[in-house]
Amino acid sequence: MTVYLPDGKALEVPEGATARDVAQRIGPGLAKAAVGALVDGELYDLFKPLPPGARVRILTEKDPEFQTLFRHTLAHVLAQAVREYFREKGYDPDSVKLGVGPVIEKGFYYDIDAPEPLSDEDLPAIEEKMREILRRDLPLRRFVLPREEALARYRGKDPYKTELILEIPEGEEISFYQQGDESFGFTDLCRGPHVPSTGRIPPHFKLTHVAGAYWRGDERRPMLQRVYGVAFRTAEELKEYLWQLEEAKKRDHRRLGRELELFLIDPMVGKGLVLWLPKGNVVREELMAFMREEQVRRGYQLVTTPHIGSLELYKTSGHYPYYAESQFPPISFKERGEEEAYLLKPMNCPHHIRIYAYRKRSYRELPLRLAEFGTVYRYEKAGELLGLTRVRGFTQDDAHIFCTPEQVKGEFLGVLDLVLKVFATLGLKDYRARIGVRDPKSEKYVGDEAKWALAERQIEEAAAEAGLRYTVEEGDAAFYGPKLDFVVKDALGREWQLGTIQVDYNLPERFGLTYVGPDGEEHRPVMLHRAPFGSLERFIGILIEHFAGDFPLWLAPVQAVVVPVSEKQADYAQEVAHRLKEAGLRAEADLRNERMQAKVRDAEVQKIPYVLVIGEKEKAEGTVSVRRRHRGNLGGMPLPAFLEGALKEYRERLLESPF
RNA sequence: GCCGGUGUAGCUCAGCGGUAGAGCAACCGCCUCGUAAGCGGUAGGCCGCCGGUUCAAAUCCGGCCACCGGCUCCA
């Protein structure tokens, strides 16, 4: 058969030839350096037979793909090491059963059913075993078995591997990778690809932690021990990663929330319930004011609705009992002999729908946009709660747009524009858009096929028109309609959904909403749910990490601190602070009995944007010496000049100082 | 909810069978100071909670609670 090299050159090789054979034909030097190959753009190792006519590019340790190869092999090395670890503890190696061991973003993991639980304390010993396996330089080989033989290998020994084999589609190869021999090595069901031998793996890896993980992510199935590791090509990269991890921890909003006194989650109040401290509340209020302005400008009408609603309301909407699992249980008065029951509201939409429905609507009123900062309550599982990003009570910058089917796309575009404005104002660039469509295999969706298809198409068109980079993910739709979510990562790399836009053909149906069209007939409106921030709590959590606590002036809880050089300027410092406050800035004078250096430092640590230093010179001249956070002394200027610049920065919500 | 880990002063942490410690913060005093920590002093603890083992428990064991890392789910 013929294969083609990157330069277009054709190479004649025997049937079943591998990338190793091709490398050898090109030259012995390359054959030695080769670790894998890109075959028609797909990552191959040196073992897997090439398809005829393949375009082959040999990879060496210099290629970035090398990382994927050795991370994968490291997962196998980890499994082998764990097995040897338990054998030395006197267990039968077969008592260590294996789930899956894939490559992940910075490394790898392996899911292991171990005879006794692993803890972080076991990791150094396992890691040492792994290094030993690298030093043994065990060569890998790949082989294929017929289904029956493959099953026979694991029958009665490893239910996980057996299950995996049974799920490999008929006609697909069932391949194994073996490192070392059967007695002094390790063999695993695996589709590959892998490095040629364990000695080729750079020793720059580290086992990071153990965590429980349900087999196949299903909580009804057994829990395995997942051992996570990170791995890089060079010691520098590993060091850099570990350093970044430390830095990321400093950005953690839970830590900054405490250090900057932004919010509190008090177990006595209840887990997952946020207490906003005065400083954090400033951020909240500023964000709400910003959103209110933008919404009013865009034709939204503001409404206010209660925190609870009758159970009947949610039965009509279908939220109850559909989402009963994640709701606080109904508030009932049965013991008082009253039948009525209420639900802490898990969503605002039913309330808004009743506002729409309270009188007859004309097509001339549409699109009708009802907005509210609505606080909702959801009973998230205890283990799910996390700082501000996963809570049990949170405020959505919610709105519901009622429109005609023809208006859907235009409204969708309008919301996209608003979301992008929010992101641009805050300098959030690292986000992705995710369009959630139905999982064709699932039955959980309401509404008819044709409407779903229409909505899904409209969303994609609008996203494309807005120039968004997006991915389409099956099964990510809400039960009542498809949606577009904006997703960002927190400091530790976990992904969170922020803004969301969802099309809903279901609720208007359930509540029997109508409008009178130009034809005088009644028609059914379409509804859009949308929340640009998503939840204020989560959004602020992400913002804290995004800015590492260095909020732009308009969000900073304290915008300026006036620091007198000595007590002699205390009166002038107070006067300056007073004038800043008069002008609408959040400013204070720091009159503590401390040296000014200490006050400057405290202001930096508190991430206050401006420090105005006042000495004899400034007092005499009516000026202030301006110091910008992280930048240092900007020099003196007349107080009005500072006020003008700072107010511009504040009112225009600038990200950078104009000075 | 499940698996693993961790709970000591407001914060960060040491102590790990024998009378509870440090730094920072707080408070008081001295210093009156020019852009990231001046000096001295004082006060502060049901060592998460409940039970057990022991002559003796912050320390060992068990249960509970909270938090952390994951898994799962997510309107």
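Chain A is the first sequence line, chain B the second, and so forth, proteins listed ahead of strands; every chain is numbered from 1.
- Atom CZ in A:Arg221 sits about 13 Å away from atom P in B:rC73, given to the nearest Å.
- Among A:Pro330, A:Ser310, A:Pro350, the single residue meeting the side chain to side chain contact (heavy atoms under 4.5 Å, CB included) criterion with A:Leu343 is A:Pro330.
- Residue A:Lys568 has a polar side-chain atom (N or O) positioned under 4.0 Å from OP1 or OP2 of B:rC33.
- Under the Watson-Crick or G-U wobble criterion, with both distances below 3.5 Å, B:rU6 is paired with B:rA66.
- Here, B:rG23 and B:rG41 have their P atoms 10 Å apart, quoted to the whole Å.
- The separation of B:rC11 from B:rC67, taken at their C1' atoms, amounts to 16 Å, rounded to a whole angstrom.
- Here the nucleotide nearest the side chain of A:Asn593, chosen from B:rC33, B:rC71, B:rC31, is B:rC31.
- Here the P atom of nucleotide B:rC2 and the CZ atom of A:Arg220 are 17 Å apart, to the nearest Å.
- Counting distance only, with no hydrogens placed and no angle test, the side-chain atoms of A:Glu567 and the base atoms of B:rU32 include a donor-acceptor pair under 3.5 Å.
- Evaluation of atom-type donor-acceptor distances gives no pair under 3.5 Å for the side chain of A:Glu219 against the base of B:rC3.
- Spacing of P atoms, B:rA14 relative to B:rG29, comes out at 35 Å, to the nearest Å.
- B:rG45: no Watson-Crick or G-U partner with both key distances under 3.5 Å is found in any strand.
- Straight-line distance between the P atoms of B:rG1 and B:rA58: roughly 30 Å, to the nearest whole Å.
- Salt-bridge formation is not detected for the pair A:Glu588/A:Lys279: no Lys NZ or Arg NE/NH1/NH2 atom is positioned less than 4.0 Å from an Asp or Glu carboxylate oxygen.
- Counting any heavy atom pair closer than 4.0 Å across all strands shown, A:Gln597 reaches sugar-phosphate atoms only and no base atom.
- Between the side chain of A:Asp485 and the backbone N or O of A:Gly436, no donor-acceptor pair lies under 3.5 Å.
- Residue A:Ser119 has its side chain nearest to B:rG4 when only B:rG38, B:rG4, B:rU32 are considered.
- With distances taken from any side-chain atom of A:Arg595 to the nucleotides B:rA36, B:rC33, B:rG1, the minimum falls on B:rC33.
- Here A:Lys483 lies in heavy-atom contact (under 4.0 Å) with sugar-phosphate atoms only.
- Protein atom CZ of A:Arg392 is 13 Å distant from nucleotide atom C1' of B:rC73, rounded to whole Å.
- Side-chain contact annotation: A:Thr305 with A:Lys345, donor-acceptor N/O pair under 3.5 Å present.
- Nucleotide B:rG21 forms a pair with B:rC13, judged by Watson-Crick or G-U wobble geometry with both contacts under 3.5 Å.
- Taking the P atoms as reference points, B:rU42 lies 37 Å from B:rG51, given to the whole Å.
- Residue whose closest nucleotide on RNA chain B sits further toward the 5' end, between A:Val600 and A:Glu259: A:Glu259.
- If you check every strand for non-hydrogen atoms under 4.0 Å, A:Gln502 touches sugar and phosphate atoms only.
- Of the candidates B:rG38, B:rU6, B:rC2, B:rC2 carries the atom nearest the A:Met223 side chain, counting heavy atoms from C-beta on.
- Nucleic acid contact for A:Glu116: none, since no nucleic acid atom lies under 4.0 Å from a heavy atom of the residue.
- Nearer to the 5' terminus of RNA chain B, by closest-nucleotide assignment, is the contact made by A:Gly615 (compared with the other of A:Gly615 and A:Arg378).
- Using a 4.0 Å heavy-atom distance criterion, A:Arg258 is classed as a sugar-phosphate-only contact.
- In this structure B:rU54 sits in no base pair that meets the Watson-Crick or G-U test at under 3.5 Å.
- In this entry the distance linking CZ of A:Arg226 with P of B:rG70 reads 11 Å, nearest Å.
- At a cut-off of 3.5 angstrom, the base of B:rG34 holds no donor-acceptor pair with the side chain of A:Gln569.
- For the pair A:Asp590 CG and B:rC33 C1', the computed distance is 14 Å after rounding to whole Å.
- B:rC16 and B:rG48: their P atoms are spaced 16 Å apart (whole Å).
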Report task. If a protein heavy atom is under 4.0 Å from the base, mark B; if only from the sugar-phosphate, S; if neither, -; do that for nucleotides 58-69 of chain B going 5' to 3'. Result -> --------SSSB
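- The distance from atom CE of A:Met596 to atom C1' of B:rC33 is 9 Å, rounded to the nearest whole Å.
- Each salt bridge (charged side-chain N to carboxylate O under 4.0 Å, His left out) pair with one or both residues in residues 603-614 of chain A, not counting sequence neighbours, appears once here: A:Asp550-A:Lys607, A:Glu604-A:Arg627.
- A straight line from CZ of A:Arg592 to P of B:rG38 spans 10 Å, rounded to a whole angstrom.
- Rounded to whole Å, the distance from CG on A:Leu591 to C1' on B:rC33 is 15 Å.
- Across A:Arg221, A:Arg220, A:Arg216, a single residue satisfies salt bridge (charged side-chain N to carboxylate O under 4.0 Å, His left out) together with A:Asp218, and that is A:Arg220.
- A:Glu380 and A:Arg538 are not joined by a salt bridge, as no carboxylate oxygen comes within less than 4.0 angstrom of a charged side-chain nitrogen.
- At the heavy-atom level, A:Pro117 lies under 4.0 Å from the strands shown only through sugar-phosphate atoms.
- Under 3.5 Å, the side chain of A:Tyr214 and the base of B:rG70 form no donor-acceptor pair of N or O atoms.
- Between A:Phe642 and A:Tyr610, the ring center distance clears the sub-6.0 Å criterion.
- Across the P atoms, B:rG45 and B:rG10 are found 8 Å apart, a figure rounded to whole Å.
- Under a cutoff of 6.0 Å and an axis angle of 45°, A:Arg392 and A:Tyr379 form a cation-pi pair.
- If you take atom P in B:rG40 and the same atom in B:rA57, they sit 39 Å apart, rounded to whole Å.
- Of the inter-residue distances, the one linking A:Asn348 atom CG with A:Thr375 atom OG1 reads 8.0 Å to the nearest 0.5 angstrom.
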